[in-house]
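For reference, the structure discussed in these notes is given below.
Computed from heavy atoms alone, side chains included, the values below leave out hydrogens, waters and symmetry copies. Positions are given from 1, in the same order as the sequence printed here. No experiment lies behind these values; they were computed from the predicted model shown.
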Amino acid sequence: MVERIDGHTILIGLMAYPIRHSMSPTMHNNAFAKLGLNYAYLVFDIDGDQIKAGIDALRTLGMRGSNISMPNKQKVVPYLDKLDKTSQLTGSVNTIVNDDGTLTGYTTDGIGFMKALADENLDITGKKMVLSGAGGAGTPIAIQAALDGVQEISIFNRSDDSQWNNAKRNVSIINAETDCKAQLFDLNDQESFKNEIKSCDIYCDSTAVGMNPLQDETLVSDPSWFHEDMIVFDTVYSPRETKLMQVAKQANVKHILNGLGMMIEQGAAAFKLWTGKEMPVDYIKKIVF
Ligand code: NAD
């Protein structure tokens with residue numbers, strides 16, 4: 001690191017709180033080192049009240065950009081100059097690029113989701129997706145999938161949950177702004193949940209279920225809801241194999257993915273925006289995981 005960092009090093013940040021546990025610094029700094037790029041990626045504890053000051057600092061310090069995570073993904077929007085299409089539709093941002101003082105907000109989580117599928121030679125354009133969850137992960141997944149040409153998305157969320165309004169918003173935006181047909185269902189309506197999954201090409205779970213402290217739970221426990229030719233995608237990456245993935249295995253589902261590929265590919269998309277270079281994804285997968 002001493003050899004790598006000098007007076008010309010370009011700074012990239014990650015502004016969120018709490019965030020010290022993040023894998024992103026390891027991922028990006030290893031990628032910079034591997035490609036011999038004179039960049040450094042550092043984490044900053046910035047909560048919602050400090051985000052304006054954080055963005056001012058980004059400009060003042062001439063940083064190339066930053067990742068943005070909770071609780072700042074929506075709060076940062078008013079302080080940016082431009083937004084990419086996905087960020088306009090999600091109303092949130094996870095990546096900022098600073099072009100000589102002009103700040104553009106991007107959303108790379110949904111790009112990461114689509115790329116993780118493409119990495120496995122899976123193409124869901126023209127297909128039907130069932131998506132559970134409508135929060136920080138589910139929203140960009142739904143919007144990006146719709147923008148990229150998924151034909152139909154059935155979104156399930158608990159109607160008594162704080163994200164229900166978000167789910168409603170996602171559905172109306174998709175129907176108004178894209179060619180995709182979106183429908184909203186209450187996750188408590190188990191009959192519809194089963195029927196929609198049975199008739200879909202990809203089921204994606206973007207809820208907190210499957211991840212600590214809900215690692216022993218799954219929204220689908222009956223393998224007969226799945227069919228072999230579908231894709232089951234759990235956005236959780238810790239544990240690597242969730243309960244949902246185990247149920248999909250019992251149903252002999254051919255394509256079962258966890259959230260690792262999405263996590264790395266959302267980072268790779270941000271890396272490309274900042275540096276113009278492809279992240280060495282296979283190398284990073286080996287190093288980080
Ligand atoms: P969030 O809090 O914004 O949204 C949580 C979603 O889960 C909501 O839709 C909520 O209604 C639903 N939910 C929570 N508990 C539930 C329960 N018991 N039953 C049914 N639904 C429930 O969180 P988020 O940031 O969207 O994260 C959600 C998941 O996505 C997490 O498991 C996280 O690991 C994963 N994630 C993955 C990546 C990646 O790159 N792979 C990135 C971000 C998040």
Side-chain angles (χ1 to χ4, degrees), residues 13-17 19 24 44 46-56 58-59 65-99 102-115 129 131-150 153-159 161-185 187 204-208 235 259 262-263 265-267 269-270 273-274:
L14 166 55
M15 300 185 193
Y17 187 83
I19 197 62
S24 293
F44 300 102
I46 305 274
D47 70 18
D49 297 339
Q50 298 167 307
I51 190 62
K52 179 181 181 311
I55 297 305
D56 286 344
L58 194 153
R59 289 183 201 272
S66 185
N67 274 141
I68 299 292
S69 194
M70 296 313 283
N72 300 322
K73 284 185 167 185
Q74 283 106 14
K75 288 182 177 150
V76 74
V77 167
Y79 306 114
L80 304 178
D81 301 305
K82 292 192 281 182
L83 295 178
D84 77 342
K85 181 76 178 166
T86 309
S87 298
Q88 288 170 26
L89 298 187
T90 59
S92 67
V93 155
N94 83 328
T95 301
I96 299 171
V97 177
N98 179 4
D99 290 306
T102 300
L103 304 187
T104 306
Y106 296 87
T107 298
T108 66
D109 301 283
I111 296 171
F113 169 74
M114 294 299 287
K115 187 70 174 37
M129 173 158 82
L131 174 66
S132 49
T139 296
I141 286 174
I143 301 285
Q144 194 69 52
L147 285 172
D148 287 359
V150 168
I153 307 180
S154 297
I155 296 178
F156 285 80
N157 208 92
R158 299 182 299 190
S159 57
D161 186 288
S162 60
Q163 300 287 8
W164 176 251
N165 280 338
N166 211 26
K168 278 203 223 167
R169 180 186 174 276
N170 294 347
V171 165
S172 58
I173 282 182
I174 289 169
N175 287 328
E177 301 285 338
T178 77
D179 294 332
C180 177
K181 176 177 176 280
Q183 267 187 286
L184 178 59
F185 297 86
L187 195 50
C204 174
D205 186 339
S206 74
T207 70
T235 57
M262 170 178 162
M263 208 276 272
E265 291 294 1
Q266 64 76 29
L273 288 166
W274 296 318

> When you look at Trp164 and Leu184, which way does the side-chain contact (heavy atoms from CB on, under 4.5 Å) test go after all the steps?
Replying inline: CA-CA 9 Å; Trp164 176 251; Leu184 178 59; 3.7 Å; yes
Any side-chain to backbone donor/acceptor pair from [X] onto [Y]? Under 3.5 Å, distance only.
X      : Y      : value
Thr235 : Asp205 : yes
Asn67  : Asn94  : yes
Gln266 : Met263 : yes
Ser87  : Thr107 : yes
Asp81  : Leu103 : yes
Asn157 : Ala134 : yes

> Could you state the interatomic distance from NZ (Lys75) to NZ (Lys52), rounded to the nearest 0.5 Å?
Replying inline: 15.5 Å
>> For the OG atom of Ser132 and the CZ atom of Arg158, what is their distance to the nearest 0.5 Å?
In response: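 Answer for the OG-CZ pair, Ser132 versus Arg158, is 11.0 Å.
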4.5 Å side-chain heavy-atom contact, [X] and [Y]:
X      : Y      : value
Thr108 : Leu273 : yes
Trp274 : Thr95  : yes
Ile68  : Ile51  : yes
Tyr17  : Asn72  : no
Ile111 : Thr86  : no
Gln50  : Met15  : no
Thr139 : Ser92  : no

>> side-chain contact (heavy atoms from CB on, under 4.5 Å) for Asp109 and Thr90? Distances and angles first, verdict last.
In response: CA-CA 11 Å; Asp109 301 283; Thr90 59; over 6 Å; no
> Counting only heavy atoms not in Asp179, do more than 12 fall under 6.0 Å of its CG?
Replying inline: no
For [X] against [Y], the heavy-atom pair lying closest together:
X      : Y      : answer
Gly54  : Ile46  : CA-CD1, 4.3 Å
Met129 : Phe113 : SD-CZ, 3.9 Å
Tyr79  : Arg59  : O-NH2, 3.4 Å
Ile153 : Cys180 : CG1-SG, 3.6 Å
Gly105 : Val93  : CA-CG2, 3.8 Å
Ala142 : Leu131 : CB-CD2, 3.6 Å

>> Do the side chains of Asp99 and Lys82 get close enough for a salt bridge, i.e. N-O under 4.0 angstrom?
In response: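 Between Lys82 and Asp99 there is no salt bridge, as every charged N stays at least 4.0 Å from the carboxylate O atoms.
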>> Go through it in stages, so that I can follow the logic: the residues are Ile143 and Ile174, the test is side-chain contact (heavy atoms from CB on, under 4.5 Å), and I'd like the CA-CA distance, side-chain angles, deciding distance and then a yes or no.
In response: CA-CA 7 Å; Ile143 301 285; Ile174 289 169; 4.0 Å; yes
>> My understanding is that only residues two or more places apart in sequence, or in another chain, count here; which of them pass side-chain contact (heavy atoms from CB on, under 4.5 Å) with Ala137?
In response: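 Per chain and number, Ala137 pairs via side-chain contact (heavy atoms from CB on, under 4.5 Å) with Ser206.
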